[in-house]
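Note that the coordinates shown come from a computational prediction; the quantities given were computed from them, not determined experimentally. Counting starts at 1 for both ligands and their atoms, following the listed order.
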Amino acid sequence: MSAKTDAIIVVDFGGQYAHLIGRRIRDFNVYSEIVPYDVLSDEIAGLRERFLVKGIILSGGPSSVYKEDTVEKVNQIFDLGLPILGICYGHQLIAHVSGGKVKAAAKKEYGITIATIDRPLGVLRGLNKREKVWMSHSDTVYSVPPEYLVLAHTENCPVAALKHREKPIFGLQWHPEVTHTENGEKMLRNFIFEVCGCRANWRMGDFVKNSVKEIRQQSRGKKCIIALSGGIDSSVATALAAKAIGKRLTAVFVDHGFMREGEPEFVRKTFGKMGINFISVDARKRFLLRLKGVTDPEEKRKIIGEEFIKVFEEIARKVGADYLIQGTIYPDRIESGFRRRSEKIKTHHNVAGLPTKMEFKGIIEPLRDLYKDEVRKVAEKLKLPQAIVRRQPFPGPGLAVRITGEITPEKIKIVKTSDRIVREEIERSGLKDRLWQYFAVLTETKSTGVKGDARAYGYTVAIRAVESREAMTANFARIPYEVLERISTRITNENPGVTRVVYDITHKPPATIEWE
Ligand code: XMP
């Protein structure tokens with residue numbers, strides 16, 4: 001038996017979920033790496049030296065199979081003779097390259113769909129006749145050549161799953177990696193363990209050790225500065241960097257004025273006593289000034305990102321830092337369109353919001369390949385305080401992306417108070433550990449109310465609470481009405497300017513978690 005670790009390669013055609021597939025596979029303790037389709041050959045050769053590559057997954061993607069010449073790439077993959085699973089766009093590619101008919105669907109399928117399993121073979125072994133699956137496509141496979149079998153169909157999609165008659169090649173039009181596909185995990189397990197014959201012989205490994213080594217190498221003996229917000233990502237990155245370069249590190253906490261109530265004090269208290277160089281900057285006025293009159297969400301994100309970097313640069317110059325360390329994680333990069341072919345959803349404050357003219361020699365991102373739950377595991381290993389490990393994620397631009405429209409001191413006050421109320425009530429009701437995030441959004445909508453027998457015309461606050469595993473997809477949480485009632489009563493009582501509270505019942509997708 002080979003001493004090498006078994007691995008599955010996910011070929012990334014730029015779909016939003018390529019990384020989710022990789023994540024799911026790693027959860028099964030099988031190593032997985034994402035390879036951009038345009039650097040396929042080199043990457044695969046390199047991976048095969050280190051790992052026993054047992055199968056290939058072709059991810060979804062925003063393109064149509066006819067738009068780009070990917071045929072050659074897919075043929076190269078076929079030539080490897082390994083088991084293949086095509087998902088969504090990958091499924092269409094297999095059909096297209098093999099001579100099947102793929103064209104724009106008469107009716108686009110988007111969201112949960114019922115698939116009829118005609119032949120429960122291979123990837124679909126052990127599934128029910130009818131399965132809830134999650135679809136998101138505009139092209140459809142209408143027919144396959146004779147060497148392929150149709151395994152499943154839906155009302156609008158005649159070839160929703162396919163299999164080569166002799167070779168271990170499968171295609172699924174739906175997304176098994178998205179939790180809305182009820183038996184998606186079983187489908188992926190079938191492919192990885194039954195079809196590819198993988199052994200579950202990979203552990204997350206000694207991430208801390210490797211990462212410390214990498215930070216040392218990348219910083220080349222120079223001073224570094226880290227953006228510390230007190231959130232889990234930047235805290236873990238700070239702890240790793242502190243381990244790697246000790247006093248060469250300066251952690252900077254910028255109070256932009258959009259932190260939650262009590263947060264700046266908490267960060268100062270926690271990190272101030274950790275024995276690292278720690279600087280706290282009060283930049284509230286300058287952020288507010290730059291955001292005056294700005295209403296566009298992307299513009300807000302860009303301005304905050306730019307101002308943030310400027311503050312860092314000022315401090316970096318003072319301390320003589322050459323490198324900037326950041327707590328950027330996988331989903332941040334995906335959603336900022338870091339792959340050429342993936343669609344940009346929103347500019348994440350700590351990634352694409354950076355100005356191009358940087359004064360640093362480079363940026364070091366030790367957590368760039370991790371998902372949030374993996375970052376939490378690293379935090380546990382680093383023995384960071386539970387208050388940080390268990391903290392809900394908080395966006396870099398803070399409450400600024402939870403105020404729609406122009407940001408004013410009055411609105412900041414409302415959203416801060418409302419956010420504290422949501423946190424207090426959710427924590428009091430014992431729901432905290434079930435939820436990924438829970439917060440308040442101050443919307444621009446004003447509505448009529450009645451307060452103390454008089455007409456009031458005030459703001460509408462929206463409550464958002466979601467369950468999620470890694471923020472790529474999320475479900476709105478089914479919070480008991482009594483808890484919502486307490487939140488609503490307190491928000492309208494404790495904020496004179498608020499006349500209405502609504503609850504956001506949208507999943508991600510189609511919505512995102514934050515409102516902006
Ligand atoms: P969305 O709103 O895109 O958010 O569904 C996914 C997750 O990312 C967080 N988020 C951010 N995190 N910088 C960050 O570090 C940002 O600019 C940013 N924007 C959103 C969000 O809270 C959720 O957990």
Ligand 1 N/O within reach of Glu514 N/O, cut-off under 3.5 Å: yes

Flag for Thr328-Glu365: side-chain donor and acceptor within less than 3.5 Å: yes

Closest approach of Leu431 to Pro480 (non-hydrogen atoms, all atoms of both residues): CD1-CD, 3.9 Å

Distance flag, aromatic centroids of His180 and His507, threshold under 6.0 Å: yes

Glu514, Arg260, Arg423 screened by side-chain contact (heavy atoms from CB on, under 4.5 Å) with Phe439, the one that passes: Glu514

Side-chain donor or acceptor of Ser488 paired with backbone N/O of Leu484 under 3.5 Å: no

Close-contact set for ligand 1 against Lys508 heavy atoms, below 4.0 Å: 1 (P), 3 (O), 5 (O), 6 (C)

Backbone N/O of Glu406 and side chain of Lys411: donor-acceptor pair under 3.5 Å: yes

Arg301: numbered ligand 1 atoms lying under 4.0 Å from its heavy atoms: 16 (C), 17 (O), 18 (C), 19 (N), 20 (C)

For Pro393, atoms of ligand 1 separated by under 4.0 Å from a heavy atom: 24 (O)

Ala471 N/O to ligand 1 N/O under 3.5 Å: no

Heavy-atom gap Trp436 to ligand 1 smaller than 4.0 Å: yes

Numbered atoms and elements of ligand 1 in range of Pro397, under 4.0 angstrom, heavy atoms: 16 (C), 17 (O)

Element-labelled atoms of ligand 1 that are located less than 4.0 Å from some non-hydrogen atom of Ile513: 1 (P), 2 (O), 5 (O)

